[in-house]
Amino acid sequence: MFKNLKAKIREIAISAVRLAEETLGSNKGKEKKALAIEYIVSHLPIVAPLQKLIAMLLSSFIDDAVEFAVHYMNEGGFNGTNK
């Protein structure tokens, strides 16, 4: 179960980081990360009452997924130059 959930989190993280960047712009790293994490948790493919519990269990993985997505974006991944 967690393997599929982790793959989904990685996928959602890219959209979450893109949304945070578009919404908050530059120089707001802490706020953007919080917004991205909130977005990921709210889009987890599990019932709402369990989302926060799963988010707590996978918090370090979610943090890593956000950092990966940030790196992906910085390398040009959102504009089609990196796949």
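Owing to the predicted nature of the structure, the values given are computational and were not obtained by experimental measurement. Counting from 1, the numbers follow the sequence of the chain as shown. Computed from heavy atoms alone, side chains included, the values below leave out hydrogens, waters and symmetry copies.
Closest heavy-atom contact between Ala36 and Ala16: O-CB, 3.5 Å.
Annotation: side chain to side chain donor-acceptor pair (under 3.5 Å) contacts of Glu31 (sequence neighbours excluded): none. Leu35 is linked by a side chain to side chain contact (heavy atoms under 4.5 Å, CB included) to Ala20, Thr23, Leu24, counting only residues two or more places apart in sequence or in another chain.
Distance check, rounded to the nearest 0.5 Å: CZ of Arg18 to OH of Tyr39 gives 9.0 Å. Note that the CD1 atom of Ile14 and the CD1 atom of Ile40 stand 10.0 Å from one another [nearest 0.5 Å].
Lys32 places no side-chain N or O within donor-acceptor distance of the main-chain N or O of Val17, the cut-off being under 3.5 Å.
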Please report, to 0.1 Å, the donor-acceptor pairs under 3.5 Å made by any side chain of residues 46-70, with sequence neighbours excluded.
unit_1: Gln51; atom_1: NE2; unit_2: Val41; atom_2: O; d: 3.4
unit_1: Gln51; atom_1: NE2; unit_2: Leu44; atom_2: O; d: 3.3
unit_1: Ser59; atom_1: OG; unit_2: Met56; atom_2: O; d: 3.4
unit_1: Glu67; atom_1: OE2; unit_2: Lys33; atom_2: NZ; d: 3.3

